[in-house]
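These numbers come from a predicted model, not from an experiment. All chains are named by letter (A, B, ...) in the order of the sequence lines, taking the proteins before the strands, and each is independently numbered beginning at 1.
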There are 2 protein chains.
Amino acid sequence: MVDTKTAILDAAEHLFSSKGFDATSLRDINAIAQVNLAAVNYHFGSKDGLIQSVLERRIVPLNIERLRLLDQCEARLGNDALPLNEILEALIAPAVRLSRDPKAGGEDFMRLLGRLFIEPNPKVQTILEALFGETGRRFIKALKQSLPNLPEVELFWRVNFATGAMAHTLCDTSRLEFISGGVCDPNDAEGIIHRLVAFIAAGMREPVSATHTL
Amino acid sequence: MVDTKTAILDAAEHLFSSKGFDATSLRDINAIAQVNLAAVNYHFGSKDGLIQSVLERRIVPLNIERLRLLDQCEARLGNDALPLNEILEALIAPAVRLSRDPKAGGEDFMRLLGRLFIEPNPKVQTILEALFGETGRRFIKALKQSLPNLPEVELFWRVNFATGAMAHTLCDTSRLEFISGGVCDPNDAEGIIHRLVAFIAAGMREPVSATHTL
DNA sequence: GTTTGATTGAAACGAACGTTTGAAACAATT
DNA sequence: AATTGTTTCAAACGTTCGTTTCAATCAAAC
């Protein structure tokens, strides 16, 4: 065992992403990590401490990469309204791409990220606000500048819809493949990025007063 | 106590929707329902039986209403391609409207429905496939006819995005209100329906080859 | 009024949970 | 070689879980 802490984090990430936080026991984790039952409490203090470490390990670098892309975009095009698709890609692409890197958790991380936003565990929600709050506000500000004619209330609703589309896509790796009869490949990261950005951008740009059916 | 079974179903629905399935104990449920600990196993056989009953009570009428609206739409316009927005409204409006009816679970039902699609519990997933499978295939067929130029693989991806947007919106009743600083009203059912249908319809109609940024 | 079947009640069951303990094993320094 | 601090180990802690038991209670039929 080269590194007990890493083995625990990997096993916990795998189980949290597939079974959920509450349904995963420390005994499940330690059985996969091949470590002693007391190891989690020794290295992370408690199960809550473990959850915190599992999330931090992935989300902190993810948000750094997201903000780096956004900064890079602003440096190239100035501080005014950025192209909508570039903002969305800075938000979405790092999440999907990191999910293809086996060293960054692979598809376990993908599902973990998707699951977070609907996870009812209050501890998880507290951790989430601390980890995503600042990054989220940066992106909302950029979206506001990119869509100056969209009323703020509509922007918030659409960001919420976009979050749901993204989270569900990240979380669900099997149902779509099943429903589509194998037509859709959940491992096609670049395809997912392209399709998600296009879908969300179209919804974001839709004129607000389109009540009537086509 | 007029009806023990109903009291248990109501309490279970409330707790499942707010805490999740695995994190809700029978003792929590029975404390709220003010019934004996053995009541759940007597009336529903087991905790799994209770979950099944909780979901069936709401989802069966929901899907009947969805299919009724779809049938009504076909009867009015013929069996060919239906307007996209009407299909989406037949899918979305019953879910959001039922969530405003206190006799149908109110916002508890709203969150319950949203939570289902990411719920990792395999028992729940089995129940879901049985409850939603047929209705889902009917709507996918209608969407195919409505968007004849959209390749099947793209349609499946977009249905997946749409499902995520809808599920997340139904599930999240507080975060949007918090993030938006109270600007967005999560209780405005008709507003949610209108916005969700418009957002999803725009994403559905987007031409497929729009790779380049605007 | 008695009997029958359905429901409720208090108590306990074994199993699994997160956590703690204290000794053993290990690593690195003196 | 002895010592120190860190990590691992097997075992147990008390609690909570879903479930079961069996007597008490109720409602209705005879």
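Considering only the side chain of B:Asn36, C:dT8 comes nearest among C:dA12, C:dT19, C:dT8.
Rounded to whole Å, the distance from CG on B:Asn30 to P on D:dG18 is 10 Å. Between the CZ atom of A:Arg27 and the P atom of D:dT16 there is a distance of 16 Å, rounded to whole Å. Rounding to whole angstrom units, CG of residue A:Asp22 and P of C:dA16 are separated by 18 Å. Between the CG atom of B:Asp28 and the P atom of D:dT19 there is a distance of 15 Å, rounded to whole Å. Distance CD (B:Gln34) to P (C:dT7): 20 Å, rounded to an integer number of Å. Rounded to an integer number of Å, the gap from A:Leu37 CG to D:dA10 P is 11 Å. Separating the CD1 atom of B:Ile8 from the C1' atom of D:dT19 is a distance of 14 Å, rounded to the nearest angstrom. At whole-Å resolution of the value, CG in A:Leu26 and P in C:dT20 are 11 Å apart.
Within a heavy-atom distance below 4.0 Å of DNA chain C, the residues of residues 40-52 of chain A found are A:Asn41, A:Ser46, A:Lys47.
Here A:Ala38 lies in heavy-atom contact (under 4.0 Å) with a base.
OP1 and OP2 of D:dT16 both lie 4.0 Å or more from every side-chain N or O belonging to B:Ser25. Look at A:Thr4 and you'll find a side-chain N or O under 4.0 angstrom from OP1 or OP2 of D:dT8.
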From CA spacing to verdict: side-chain hydrogen bond (donor to acceptor under 3.5 Å, both in side chains), B:Glu129, B:Gln125: CA-CA 6 Å; B:Glu129 165 58 23; B:Gln125 288 305 317; over 6 Å; no

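Judged purely by distance below 3.5 Å, without hydrogens or angles, the side chains of B:Asp28 and B:Ser25 pair a donor atom with an acceptor atom.
Atom CG of B:Asp10 and atom CD of B:Glu13 lie 6.5 Å apart (nearest 0.5 Å). Rounded to the nearest 0.5 angstrom, B:His168 NE2 and A:His168 NE2 are separated by 11.5 Å. In this structure, B:Thr4 OG1 and B:Tyr42 OH are separated by 10.0 Å, a value rounded to the nearest 0.5 Å.
Applying the salt bridge (charged side-chain N to carboxylate O under 4.0 Å, His left out) test to A:Arg27 and every residue at least two apart in sequence or in another chain returns nothing.
Listed by first then second residue, pairs satisfying salt bridge (charged side-chain N to carboxylate O under 4.0 Å, His left out) with a partner in residues 191-203 of chain B read A:Glu154-B:Arg195, B:Asp188-B:Arg195, not counting sequence neighbours.
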